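Predicted, not measured: the structure shown is a model, and the values here were computed from it.
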Amino acid sequence: MMKYLLLLACSFSLYATILIPASSKQILLVSSEGFNNTKATLKTFERSKNGWHEVFEPVSVNLGRKGLAWGKGVVEFSHQPDEPLKIEGDGKSPAGLFRLGLFFGYDEQNFGFPYLKVGKNTLCIDDSDSLHYNKIIESTEESRFKSFEYMKREDRLYRLGITVKHNEDNLKRQGSCIFIHIQRAENSPTSGCTSMQEAELLKIMKWLKEESRPLLLQLPSSYLKEGFD
């Protein structure tokens, strides 16, 4: 059974107690003012023998064009029944606690995480009827899929990125292809990812280490203040 520790969020200048796996030593904490907000603040924390401490200055990030919705993550949080649940194509970023997966980009890179240099045939599949739903694959047979996105785009948005392990069981219509990536502009929301300035993203990617089992905690700030059981 996974061991847990009580992460005292007041050490993060918040007012909540949240369960974090004891094996996780790094946290990306993204908080917005509410479910409908498209802007949020990202803070970075690292655990040492003396407890948790903030690593970098807070960063402004963009969320989905429709804000947040509860996603499929490491744990299921108690929430109000009228709050949105993440579904495919809803334009919302997932709220919850998530593992981080593959790093990716357009060029050769050296990070403390498995890294994929994406090419013209690298696709992320958001076709719920496909066996490859919510997966990054190499394929020259795009016609097999009702819906997908090219990972090597004509713009720079995926020149650097982090895969968020949302909906790890690849449940149909529950949301797919969730990343942390480069922003289009300062106040430009995403289709359901989290985006930021390239320099800030690169700094965070260099800091993150797979052996530290980092997590993304992404929530409305009201939930952080109220806390969880």
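Looking only at atom types and distance, the side chain of K39 has a donor-acceptor partner in the side chain of S60 under 3.5 Å away. For S93 and Q218, the side-chain atoms include no donor-acceptor pair closer than 3.5 Å. Neither side chain, Q80 nor Y223, offers a donor N or O lying under 3.5 Å from an acceptor on the other. Using modelled atom types, one finds a donor on one side chain and an acceptor on the other under 3.5 Å when comparing N62 with Q183. Under the 3.5 Å distance criterion, with hydrogens and angles disregarded, a donor-acceptor pair is assigned to the side chains of E138 and T122.
Ionic pairing of D129 and K172 is present here: one or more N-O contacts between side-chain nitrogen and carboxylate oxygen are shorter than 4.0 angstrom. Note on E198 versus R159: salt bridge recorded, some NZ/NE/NH1/NH2 to OD/OE distance being below 4.0 Å.
Atom CG of residue L63 and atom OG of residue S191 lie 12.5 Å apart, to the nearest 0.5 angstrom. The OG1 atom of T41 lies 12.0 Å from the CD atom of E57; values are rounded to the nearest 0.5 Å. Here C124 contributes atom SG and N134 contributes atom CG; the two are 6.5 Å apart, rounded to the nearest 0.5 Å. We find the CD-CG distance between E88 and D126 to be 5.0 Å, quoted to the nearest 0.5 Å.
M196 and L157 fall into different hydrophobic clusters, where Ile, Leu, Val, Met, Phe, Trp and Tyr side chains are chained together by heavy-atom contacts under 4.5 Å. L102 and I162 sit in two unconnected hydrophobic clusters of ILVMFWY residues. Membership requires side-chain heavy atoms under 4.5 Å apart, directly or through other members. Residues I182 and V118 fall into different hydrophobic clusters, defined by Ile, Leu, Val, Met, Phe, Trp and Tyr side chains chained together at heavy-atom separations under 4.5 Å. At a threshold of 4.5 Å between side-chain heavy atoms, the hydrophobic network of Ile, Leu, Val, Met, Phe, Trp and Tyr places L116 and L100 in two separate groups. Grouping the Ile, Leu, Val, Met, Phe, Trp and Tyr side chains by contacts below 4.5 angstrom, directly or via other members, places W207 with L160.
By the 6.0 Å contact criterion, CG on D82 is enclosed, its count of non-hydrogen atoms from other residues, nucleotides or ligands being greater than 12. The environment of K209 atom NZ is dense: over 12 non-hydrogen atoms of other residues, nucleotides or ligands sit within 6.0 angstrom. Under a cut-off of 6.0 angstrom, the local environment of CZ in R144 is crowded, with over 12 non-hydrogen atoms contributed by other residues, nucleotides or ligands. Under a cut-off of 6.0 angstrom, the local environment of CD in E168 is crowded, with over 12 non-hydrogen atoms contributed by other residues, nucleotides or ligands. Atom NZ of K66 is surrounded by 12 or fewer heavy atoms from other residues, nucleotides or ligands within 6.0 Å.
Although no hydrogens or angles enter the test, the distance criterion places a donor-acceptor pair under 3.5 Å between the side chain of S128 and the main chain of R173. Distance alone, capped at 3.5 Å, places no donor-acceptor pair between the S24 side chain and the Q26 backbone. Proximity of a side-chain donor or acceptor of T190 to a complementary backbone N or O of G192 within less than 3.5 Å is detected. In this structure a side-chain-to-backbone donor-acceptor pair under 3.5 Å is present from N167 to G175. With hydrogens and angles disregarded, a donor-acceptor distance shorter than 3.5 Å links the side chain of H53 to the backbone of E46.
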- [ ] Applying side chain to side chain contact (heavy atoms under 4.5 Å, CB included), run through T44 and I204 and close with a yes or a no.
- [x] CA-CA 8 Å; T44 49; I204 289 170; 4.2 Å; yes
Open item on the list: Test side chain to side chain contact (heavy atoms under 4.5 Å, CB included) on R99 and R213; report intermediate values, then the result.
Closed with: CA-CA 8 Å; R99 284 182 275 266; R213 299 188 181 181; over 6 Å; no
TODO: Give the intermediate values and the outcome of side chain to side chain contact (heavy atoms under 4.5 Å, CB included) for residues W70 and E83.
DONE: CA-CA 8 Å; W70 290 108; E83 291 172 345; 2.9 Å; yes
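Taking all atoms of both residues into account, the shortest heavy-atom contact from I125 to S147 is CG2-O, 4.0 Å. When all heavy atoms of F56 and K203 are compared, the closest pair comes out as CZ-CG, 3.8 Å. Scanning all heavy atoms of the two residues, the minimum distance from M151 to Y106 falls at O-CE2, 3.4 Å.
Contact check for L28 versus I180: side-chain heavy atoms found under the 4.5 Å cut-off. P94 places none of its side-chain heavy atoms less than 4.5 Å from the side chain of L68. Under the 4.5 Å side-chain criterion, counting only non-hydrogen atoms from C-beta, F98 is in contact with H166. In this structure, the side chains of I27 and P214 stay at 4.5 Å or more apart for every pair of heavy atoms. Inter-residue side-chain proximity for I137 and F145 is flagged as met; some heavy-atom pair is nearer than 4.5 Å. Residues K25 and L215 have side chains not in contact (no heavy-atom distance under 4.5 Å, counting atoms from C-beta outward). For the pair K92/F35, no side-chain contact is recorded, criterion being any heavy-atom separation below 4.5 Å from C-beta on. The side-chain heavy atoms of K86 and Q174, taken from C-beta on, include no pair separated by under 4.5 Å.
The ring-ring contact (aromatic ring centres under 6.0 Å, His included) test with F103 is passed by exactly one of F179, Y115, F111: F111.
Cation-pi geometry between R153 and Y158 is satisfied (NZ or CZ under 6.0 Å from the ring centre, within 45° of the ring normal).
The distance between the ring centers of F148 and Y150 falls below 6.0 angstrom.
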